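Remember, it's a predicted structure, so these values are computed and weren't measured experimentally. Residue numbers start from 1 in every chain, and the chains themselves are labelled A, B, ... in the order their sequence lines are given, proteins ahead of strands.
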Amino acid sequence: MCTSANSFMTTTYLEAIRQGLWEELERDPDVFLLGEDIGVYGGAFKVTAGMLERFGEQRVVDTPISESAIVGAAIGASFMGLRPVVEIQFSDFISCAYDQIVNFAAKCRYRWGAGVPIVIRAPSGGGIHGGPFHSQNPEAAFVHTPGLKVIAPATAYDAKGLIKSAIRDNDPVLFFEHKALYRRIKEDLPEEAYTVPIGKAKVVREGRHLSIVTYGAMVHVALEAAQLLDGEGISIEVVDLRTLLPLDEETVLASVKKTSKAILLHEDTITGGLGGELSARISERAFEYLDGPIVRIAAPDTPVPYSPPLEEAFLPNLSKVVEKARWLHRY
Amino acid sequence: MGVGLAVAGDPALESARGHGAEQARQFFYYMSMMREVEDRIERKLYRQGKIVGGVYVGRGQEAIPVGAGLAAAPDDMLFPSHRDMALYLIRGVHPRQIFAQYMGRIGGLTRGRDGNMHMGDLRLKIVAIISAMAASVPVAAGAAFAMKYKGTRDVACCFFGDGATSRGDWHEGLNLASVQRLPLVLICNNNQYAYSTPVEKQMACANVADRGPAYGIPAEIVDGNDVFAVNSAALRGVEHARRGLGPYLIECKTFRMTGHSAHDPADYVPNHLWKTWGQRDPIDRARDVILANQWAEPEELTLIESGIRREVDSAIEWAENSPYPDASELLEDVYER
Ligand SMILES: Cc1ncc(C[n+]2csc(CCOP(=O)(O)OP(=O)(O)O)c2C)c(N)n1
């Protein structure tokens, strides 16, 4: 029998985040967690299960329902040398802490030189029939906020490596965890400790004919589409942004310059979404390389509906991506 | 389910004085209907996979929406929380619409756009729940502002849990309403848990009602499992607000006889609490009071219950036959047509 049985077990996205948090709590006594129902209950999604038992009430703090106070208190504690990791129960409720995040945390370093080393974890995304208040992808508002870092991992490996980097980072980091990935994807993780750098995208599949630039749960949709279209002789490159702010423009532009065609794919609604920003950068800096229009695939401009046929029509999916990719390839 | 003797010493007997047979039966009907509808949703339809989204029920708390909802006049605005299904029933929403809402069908109040109790209808003067806890408190204050502005004698009744009182919106809403002396009745279901968080981790004061005076708002505490007591308190609150005396806060002490939602086994709740509060079931208590006062024969109550079951059976059938919305509806109604 293998002595370290754990190391060879495949790890879910959820478990990867849990491991990352756990290892940082073990490594640095200044790291602590706070949020609603994260202690006794282990979190609404059980990401912090067992942490109260291991690290105690001082480091795993069950708070009142007070998002603004939770984030504000995290900022204050960070000034005193602690490294708070906040859980917002659903990213839909991050709006309740908007002022503390956007008007305070994000502007501290620039205004008066104070770093705010906090992490705000927020389960986000649809596909779980959560309806308008338990399915949103609020990242774009924060990508529009200089001073924040915004992360949206797509794989278990990156989720673990990035949560660890986020905790060690000296600026405020928003960490959007996609709920639909929590238990759906898994992979073998390295036995040894590792981190994944913030601000670096990754080419997760090489291709020649067109690039799909995406992040979060949509990375898997893009990969599925690439796999399927490979059979039709269409070779697709998939770029996983991993960090949304600061954007790794270099990797995106390199891919688009190579393939000459770009699809920008996200689950967030289309207007004001990240696709528009990426599109602008591509046309500003790689226009002469393009052999076709830049294509955005995103959710339409509506709230996230609850009923399955509506939600299915709302979310970008394999068939929508395949159809657009075929069209762009022919262009 | 005791008869006569079991009720001896129940303070509900005292609080039922001044209430009559017809009203007591109405309380019994709405509480039983809410229980039956929610039992079917949580214990049948959800487990059968017919409800794909979240399910939050008010088992054990029925006396609060029923007692308070019937204290409001039809023109008063209601702002329910997620465990207040009876408010919808009282305002004329049919159980079949509630089932269809939960199942994401077009027969639901939101035509499948939202689920569970996240629904409203301005014609019925019932405002859709805002999922962010306590966000409805300032909104209710605004409705009350408009009532005062227009010189109507209506009031706004806003419902929330103990956990919601930790949000800034709650405090801002109370303060604004009090400063402006708005006709706002605030009704708290203190069911002692917010998800897994017990009330002592939610607030350091003993009662939600203790927070009222800090804003200059009179507050009282009632037995939230005694529908007669809740109704009387709500009538006092409504009267206070109607007379232009400003907001009024009522804390109903109760217990959530279920998990936070259908997927939560609530094993963080100590057994003795289930036991103690199981003996204070608001429907059983109302039944005992009704029988003790001879406001109905036992057979009449049984008849009410079997009528409810039949009504619910056909409501579920109706809802299951209600179609799903067509994908072509997705883009409609983001703005006025
Ligand atoms: C601002 C906000 N944060 C978190 C949540 C997630 N959430 C939904 S219900 C709930 C507990 C609510 O407790 P309470 O207000 O006491 O009402 P109860 O469910 O006990 O009736 C939580 C934390 C939310 N809906 N809104």
Counting neighbours of [atom1] on [X] that are heavy atoms of other residues, nucleotides or ligands and sit closer than 6.0 Å, is the number greater than 12?
{"X": "K186(A)", "atom1": "NZ", "result": "no"}
{"X": "E57(A)", "atom1": "CD", "result": "no"}
{"X": "E332(B)", "atom1": "CD", "result": "yes"}
{"X": "E200(B)", "atom1": "CD", "result": "yes"}
{"X": "E317(B)", "atom1": "CD", "result": "no"}

Identify the heavy atoms of [X] and [Y] that sit nearest to each other, and give their distance.
{"X": "L331(B)", "Y": "P300(A)", "value": "CD2-CB, 3.6 Å"}
{"X": "L310(A)", "Y": "G112(B)", "value": "CD1-O, 3.9 Å"}
{"X": "Y324(B)", "Y": "S307(A)", "value": "CD2-OG, 3.5 Å"}
{"X": "P305(A)", "Y": "L330(B)", "value": "CG-CD1, 3.6 Å"}
{"X": "H134(A)", "Y": "S131(B)", "value": "CE1-OG, 3.2 Å"}
{"X": "I51(B)", "Y": "Y306(A)", "value": "CG2-OH, 3.9 Å"}

Interface residue of largest heavy-atom contact number with chain B, from P132(A), S95(A), P308(A), G131(A), under 4.5 Å: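 The candidate making the most pairs under 4.5 Å is P132(A).
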Side chain from CB out, backbone as N, CA, C, O: work out which of these in [X] comes under 4.5 Å of a heavy atom of chain A, or both, or neither.
{"X": "Q101(B)", "answer": "backbone"}
{"X": "H260(B)", "answer": "neither"}
{"X": "Y102(B)", "answer": "backbone"}

Side chain, backbone, both or neither: which part of [X] has a heavy atom under 4.5 Å from chain B?
{"X": "D92(A)", "value": "neither"}
{"X": "Q89(A)", "value": "side chain"}
{"X": "S68(A)", "value": "neither"}
{"X": "Y41(A)", "value": "both"}
{"X": "A69(A)", "value": "neither"}

D37(A) side chain to S196(B) backbone, donor-acceptor under 3.5 Å: yes
If we only count heavy atoms from C-beta on, is the [X] to [Y] side-chain gap below 4.5 Å?
{"X": "E36(A)", "Y": "Y195(B)", "result": "no"}
{"X": "R167(B)", "Y": "C96(A)", "result": "yes"}
{"X": "T197(B)", "Y": "P64(A)", "result": "no"}
{"X": "D326(B)", "Y": "P309(A)", "result": "no"}

OG1 of T63(A) to CD of Q202(B), rounded to nearest 0.5 Å, is 8.0 Å
Taking it one step at a time, do V40(A) and K201(B) satisfy side-chain contact (heavy atoms from CB on, under 4.5 Å)? CA-CA 11 Å; V40(A) 172; K201(B) 278 197 184 164; 4.0 Å; yes
Give the C-alpha distance, both sets of side-chain angles, the deciding distance and a yes or no for side-chain contact (heavy atoms from CB on, under 4.5 Å) between V334(B) and D301(A). CA-CA 8 Å; V334(B) 176; D301(A) 292 326; over 6 Å; no
